[in-house]
Amino acid sequence: MASRGVSGAGRVTAVPVTIGRRMPVPVVSGPLGVPAAPGAVGVAGVAPGVAPVAAGVAEAAGVGLPLVDSHGRVHRDLRISLTDRCSLRCTYCMPEQGNEWLAKSSILTVDEIVRVAQVAAADGITTFRLTGGEPLLRTDIVEVVARLAGLTGPDGGGVEVAMTTNGIRLPQLLPGLIAAGLSRVNISLDTLDRDRFAALTRRDRLEDVLAGIAAAAASGLRPVKLNAVAMRGVNDDELVQLVQFAIDQDVQLRFIEQMPLDAGHTWDRARMVTQHEILDTLSRRWTLTEVPGRGGAPAARWLLDGGPHTVGVIASVTAPFCGDCDRLRLTADGQLRNCLFSTTEYDLLPTLRTPTDTSLDAGIDRMLRACVKGKLPGHAINDPAFLQPARGMNAIGG
């Protein structure tokens with residue numbers, strides 16, 4: 001069960017909800033002209049250990065002021081999941097069969113996504129990253145990019161729209177996405193071996209992914225980044241080969257420590273290849289020099305033989321960067337999350353779809369600020385009491 005926050009009368013509570021199963025409710029007209037779902041998440045009680053946010057917590061701020069948490073972190077990045085569906089079935093993300101997909105009625109429309117993003121931009125969010133599942137499965141993906149790219153911040157400056165994808169549909173869609181305003185793209189690639197790829201993703205689509213990478217590399221987008229999850233006994237013998245492939249394509253490779261985000265909850269720390277092991281392997285081929293000034297970026301980077309090429313490592317488990325985290329997440333079904341590993345969510349659907357006498361933008365702003373206010377100092381993966389989120393990675397958003 002996941003805990004989700006429900007707004008009402010200026011407060012937020014965390015309420016257990018079964019992901020993907022919303023009870024049928026009467027259809028009424030919402031503020032954005034879409035079917036509303038009042039009561040879709042019942043206010044049955046507060047989840048153990050989660051206190052309601054005090055009434056009026058956001059009124060002291062308001063639309064147009066920075067999103068600052070209680071630890072002084074200013075939030076500038078919103079990751080928006082467009083769907084929990086994917087054309088692959090990566091073993092560390094989701095089962096091959098038996099997936100419980102999010103209810104279609106709960107998936108945010110383009111208007112709803114843009115309305116939330118508009119308020120977030122006014123509050124200082126400067127980067128919107130589109131994720132999934134696989135975001136390119138949304139038939140309205142070009143429209144989403146175009147409308148987000150047209151947003152401006154409180155100072156009148158533009159925003160950046162990036163995307164994380166498996167790359168399969170990039171050759172067909174990339175020209176339109178770039179014309180719409182896409183700024184950057186990250187593509188997942190864990191192996192260059194066709195049989196291994198098929199075993200990892202349960203789909204024989206390596207050639208399609210490589211075609212997507214080639215299309216991105218040939219485009220004007222820079223940087224193009226490749227994400228590889230390092231797994232012991234699976235692809236840890238390919239680390240050097242993957243980096244060399246990235247160099248040859250003139251793109252950047254980033255290794256990711258495997259995290260406890262699989263839908264089956266089968267994550268095993270012993271199978272995770274650590275940042276130290278990754279760097280030790282690469283240092284036998286290249287001289288590595290750490291790049292300073294990481295800031296809030298999730299990946300620490302190293303120059304290869306003095307540059308210009310670099311390699312990155314996202315070491316969420318062994319070297320957490322929570323102290324500099326500036327990210328929030330919006331799931332495809334309208335849940336705000338303040339951490340990838342959070343067990344608490346803040347439900348925006350009632351705010352978006354239930355008519356009220358208050359300003360819709362003010363309601364979205366209150367939820368954003370409540371989510372930020374509830375952010376913990378870190379994810380506590382290394383704490384013995386750590387609980388893995390109920391959602392798998394595909395339902396949270398990369």
S.K.: Would a 4.5 Å heavy-atom cut-off, applied to side chains only, mark T310 and E290 as touching?
M.R.: no
S.K.: Taking side chain to side chain contact (heavy atoms under 4.5 Å, CB included) as the definition, give me every residue that meets it alongside T274, ordered by chain and number, with sequence neighbours left out.
M.R.: E257, M272, H276, E277, T318
S.K.: Minimum heavy-atom separation for R353 and L108, please, with both atom names.
M.R.: NH2-CA, 4.2 Å
S.K.: Going by atom types only, do T331 and R337 share a side-chain donor-acceptor pair under 3.5 Å?
M.R.: no
S.K.: Among residues at least two apart in sequence or on other chains, which ones pass side chain to side chain contact (heavy atoms under 4.5 Å, CB included) with T191?
M.R.: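 By the side chain to side chain contact (heavy atoms under 4.5 Å, CB included) rule, T191 matches D193, R196, F197, L200, E238.
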S.K.: By side chain to side chain contact (heavy atoms under 4.5 Å, CB included), which residues pair with D140, not counting sequence neighbours?
M.R.: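 Listed in chain order: V110, R138, E143, V144.
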S.K.: I'd like to check the salt bridge (charged side-chain N to carboxylate O under 4.0 Å, His left out) partners of D208; sequence neighbours left out, ordered by chain and number.
M.R.: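 Salt bridge (charged side-chain N to carboxylate O under 4.0 Å, His left out) check on D208 returns R205.
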S.K.: Starting from V68 and following side-chain heavy-atom contacts under 4.5 Å between hydrophobic residues (I, L, V, M, F, W, Y), which residues can be reached?
M.R.: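 Answer for V68: V74.
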S.K.: Looking only at side-chain N and O atoms, does E160 offer a donor or acceptor that is under 3.5 Å from a partner on T126?
M.R.: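 No.
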S.K.: Are there more than 12 heavy atoms of other residues, nucleotides or ligands under 6.0 Å from atom CZ of R194?
M.R.: no
S.K.: Does R369 reach the side chain of D123, with side-chain heavy atoms less than 4.5 Å apart?
M.R.: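 They are in contact (side-chain heavy atoms under 4.5 Å apart), so the answer is yes.
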S.K.: Mind checking whether L282 and W302 have side chains closer than 4.5 Å, heavy atoms only?
M.R.: no
S.K.: Does L221 have any side chain to side chain contact (heavy atoms under 4.5 Å, CB included) partners at least two apart in sequence or in another chain, and if so, which?
M.R.: L174, I178, L182, V185, S219, V224
